[in-house]
Enquirer: 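Below is a structure I'd like to ask you about.
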Amino acid sequence: MNEQDYILFEAYLTESLSKEELASFEERLLNDKDFKSAFELYKQVNGFLEQAYSKDAQEFKSNLETISSDYFNSTSSQKGKVVSLWKYAIAASVVIIFGLFMFNNFSNPTYGDFADYGEINLTIRSIQGDVIKDAEDAFNSKDFTKADKLFTELLEADSNNTEIQYYKAIANIELSNYNTADTLLENLSKGQSVYKHDALWYLALSKLKQEKNDECLNILKTIPEESEVYDKAQKLVKKLD
Amino acid sequence: MKYQKPHEDQKYIDGLVQNNSFVIQSIYNKFAPKVISYIKKNSGDETNAQDIIQETIITIYNQAKDKKLVLTCPFDAYFFLLCKRKWLNELKKRGTKEVTINEEVLSKDDDAFKHAEETSLYDEKYHLFKEMFNQIGTACKDLLEATFKIKSMEEVAKSLGVTYAYARKKKSLCIGKLTELIKASPKYNQLYN
């Protein structure tokens, strides 16, 4: 097949052929066996690509990995937990933070009281295993300069990865690079990812760390009630008001 | 082919396509133990079983999403056959000579064989495609990845700093190149004829 044929295939699949072009295309499909088989393969490869890179498929895979490791962790005790550990870490640190919060009720709230990202675990979601692991280790050992560098590297390869964007933002709050952090968080909060509301929460915390308490308050008030971060946002609102 | 009524276990296929966690969990609970014990009896361990089961589920998902899959046999038989084939292939790759294939365990359900055959063929084609995709060169790879991730050709063009018409032309030529690589590979005739 020549280049023109591939361009035709694409136009046919995206339904952008004119009536005449369509008629002659379909006639060729009927009469030219090689043309037909080349088109079939083209269509199939297109389907594979769609399948390999679709958001649905990515989400399916990470969900499957979670269920799989939960299943196998519960059947064999010797294997380490992979997935849900950081969730527990966050839950635990939330409990501790609220504990501290009760004691500190009369002092001014600070970023450190509320930042509750805990340990992160990114390993299950990407093919760039080594960089991901290094980034995760750097973040967890609070080497935010290194973590930021690695997150940036990962984003170069996968600029739409909202999870990495989110943690890169947190690393930048820690590094007091507020412009970078706030821009990332603002974009995330406007998007549709699962980090949408968490991004608002950290954007508010970033303002808190910058001692821009009014801005912090205004952002906290935009966190909707159905969000998981709503309760802690409300506590901080009460404290600041 | 005449229309065949789906088996009641079609619910597992539909649940996978919908990424329904409850269904995925029940697949593990109901069908994984048999696969695990088979693999353990045949030179494997639990980690192997975990990988094989996960890969098999992904294959079923891909095929069902891409091609629609109407199951006319029990899911159990179909799933077990697929896992077993994958494991035997793995053993072959490792060069393990002694494989005890316990045919008694296999279902004699013809439809299950037919479905497993189709899915394995899809899987092999998919793997051939993946293998060739890794050979097409970075420019094409980047463009195609962007195209299928972002979906909107306008945005892809913008992010790559080229015109819409150019991006679309490039995309079709890259897919064309990929199809030629696939055709030229020795596996092609085996899988496509």
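The shown structure was predicted, so the numbers you read here are calculated from the model rather than taken from an experiment.
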Enquirer: Consider only side-chain N and O atoms of A/K168 and A/T152, and report whether a donor and an acceptor are under 3.5 Å apart.
Expert: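 Judged by distance alone, the side chains do pair up.
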Enquirer: Against chain B, label A/N160 side chain, backbone, both or neither, depending on which of its atoms sit under 4.5 Å from a heavy atom there.
Expert: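 Contact with chain B is through the side chain of A/N160 alone.
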Enquirer: Can you check salt bridge (charged side-chain N to carboxylate O under 4.0 Å, His left out) on A/E50 and B/K65, steps first, answer last?
Expert: CA-CA 10 Å; A/E50 222 155 71; B/K65 261 292 260 275; over 6 Å; no
Enquirer: Within a strict 4.5 Å, meaning less than it, do heavy atoms of the B/K11 and B/V23 side chains meet?
Expert: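 They are not in side-chain contact.
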Enquirer: Counting only heavy atoms closer than 4.5 Å, note whether B/K67 contacts chain A via side chain, backbone, both or neither.
Expert: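 Side chain only.
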Enquirer: Quick one, B/D66 with B/Y122, criterion side chain to side chain contact (heavy atoms under 4.5 Å, CB included). Give me CA distance, side-chain angles, the key distance, then yes/no.
Expert: CA-CA 10 Å; B/D66 189 8; B/Y122 179 88; 2.9 Å; yes
Enquirer: Of the listed residues (A/A38, A/S68, A/G47), which shares the most heavy-atom pairs with chain B below a 4.5 Å separation?
Expert: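 Sorted descending by pairs with chain B, the first entry is A/S68.
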Enquirer: Please identify, among A/F48, A/Y42, A/Y53, the residue contributing the most non-hydrogen atom pairs under 4.5 Å to chain B.
Expert: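 Winner by heavy-atom pair count: A/F48.
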Enquirer: Taking atom types as modelled and ignoring hydrogens, do the side chains of B/N19 and A/D56 form a donor-acceptor contact shorter than 3.5 angstrom?
Expert: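 Note: B/N19 and A/D56 side chains miss the donor-acceptor criterion.
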Enquirer: Just so I understand: if I count every heavy-atom pair under 4.5 Å between each of B/K130, B/M132, B/E145 and chain A, which residue has the most?
Expert: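 Top count of heavy-atom pairs under 4.5 Å with chain A: B/E145.
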Enquirer: In a check of ring pair (Phe, Tyr, Trp, His ring centres under 6.0 Å) between B/Y38 and each of B/F79, B/W87, B/F80, which one passes?
Expert: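 Of all the options given, the one that passes is B/F80.
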Enquirer: Considering only heavy atoms, which portion of B/I175 lies under 4.5 Å from any heavy atom of chain A: side chain, backbone, both, or neither?
Expert: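 Both parts, heavy atoms under 4.5 Å.
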Enquirer: Would a distance-only check, ignoring hydrogens and angles, find a side-chain to backbone donor-acceptor pair under 3.5 Å from B/D9 to B/F75?
Expert: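 Looks like yes, one N/O pair under 3.5 Å.
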Enquirer: Is any side-chain heavy atom of A/Q165 closer than 4.5 Å to one of A/N187?
Expert: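 Of all side-chain heavy-atom pairs linking A/Q165 with A/N187, none is under 4.5 Å.
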Enquirer: When heavy-atom pairs shorter than 4.5 Å are enumerated against chain A, which of B/D142, B/T147, B/I150, B/L16 gives the highest number?
Expert: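 Highest number of pairs under 4.5 Å: B/L16.
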Enquirer: For chain B, which residues of residues 7-18 of chain A have at least one non-hydrogen atom nearer than 4.5 Å to it?
Expert: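 The list, in residue order, reads A/I7, A/E10, A/A11, A/T14, A/S16.
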Enquirer: Answer with side chain, backbone, both or neither: which region of A/K61 has an atom nearer than 4.5 Å to a non-hydrogen atom of chain B?
Expert: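 For A/K61, side-chain heavy atoms alone lie under 4.5 Å from chain B.
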Enquirer: Please work out whether the ring planes of B/H115 and B/Y78 are parallel, tilted or perpendicular, with thresholds of 30° and 60°.
Expert: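 The arrangement is perpendicular - the two ring planes meet at more than 60°.
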Enquirer: Counting only N and O atoms by type, is there a donor-acceptor contact under 3.5 Å from the side chain of A/D32 to the main-chain atoms of A/R28?
Expert: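 Not confirmed, A/D32 side chain does not pair with A/R28 backbone.
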Enquirer: Between B/E180 and A/Y6, does any side-chain donor sit less than 3.5 Å from a side-chain acceptor?
Expert: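 Result is yes, a qualifying pair exists.
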Enquirer: Do the side chain of A/N73 and the main chain of A/S69 share a donor and acceptor less than 3.5 angstrom apart?
Expert: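 Indeed, once roles are kept as given, a pair shorter than 3.5 Å links the two residues.
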Enquirer: When only heavy atoms count and the cut-off is under 4.5 Å, which of residues 159-169 of chain B reach chain A?
Expert: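 Against chain A, the residues of residues 159-169 of chain B that fall inside the cut-off (heavy atoms, under 4.5 Å) are B/R168, B/K169.
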Enquirer: Return the minimal non-hydrogen interatomic distance between B/F129 and B/I182, and the atom names on each side.
Expert: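 Nearest pair, atom of B/F129 first, then B/I182: CA-CD1, 4.1 Å.
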Enquirer: Can you tell me which portion of A/D5 sits under 4.5 Å from chain B's heavy atoms? Options are side chain, backbone, both or neither.
Expert: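 For A/D5, no heavy atom lies under 4.5 Å from chain B.
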Enquirer: Partners of B/Y61 by ring-ring contact (aromatic ring centres under 6.0 Å, His included), sequence neighbours excluded?
Expert: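 A/F60.
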Enquirer: Can you list the residues of residues 24-31 of chain B that sit under 4.5 Å from chain A, counting heavy atoms only?
Expert: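 Heavy-atom contacts from residues 24-31 of chain B to chain A are B/I24, B/Q25, B/Y28, B/N29.
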Enquirer: So which atom in B/T72 and which in B/H7 form the shortest heavy-atom distance, rounded to 0.1 Å?
Expert: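 Answer, listing the atom of B/T72 first, then B/H7: C-CB, 3.8 Å.
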Enquirer: Output, in order, the C-alpha distance, side-chain angles, deciding distance and verdict of salt bridge (charged side-chain N to carboxylate O under 4.0 Å, His left out) for A/D158 and B/K149.
Expert: CA-CA 10 Å; A/D158 182 9; B/K149 266 190 195 158; 3.8 Å; yes
Enquirer: State whether the side chain of A/T66 and the backbone N or O of A/S62 hold a donor-acceptor pair below 3.5 Å, judged by distance alone.
Expert: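 At least one qualifying donor-acceptor pair exists.
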Enquirer: B/F22 versus chain A, heavy atoms under 4.5 Å apart: side chain, backbone, both or neither?
Expert: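 Neither the backbone nor the side chain of B/F22 comes within 4.5 Å of chain A.
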Enquirer: Please determine, by modelled atom types, if B/Q18 and B/D14 share a side-chain donor-acceptor pair under 3.5 angstrom.
Expert: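 Checked: B/Q18/B/D14 side chains show no N/O donor-acceptor pair below 3.5 Å.
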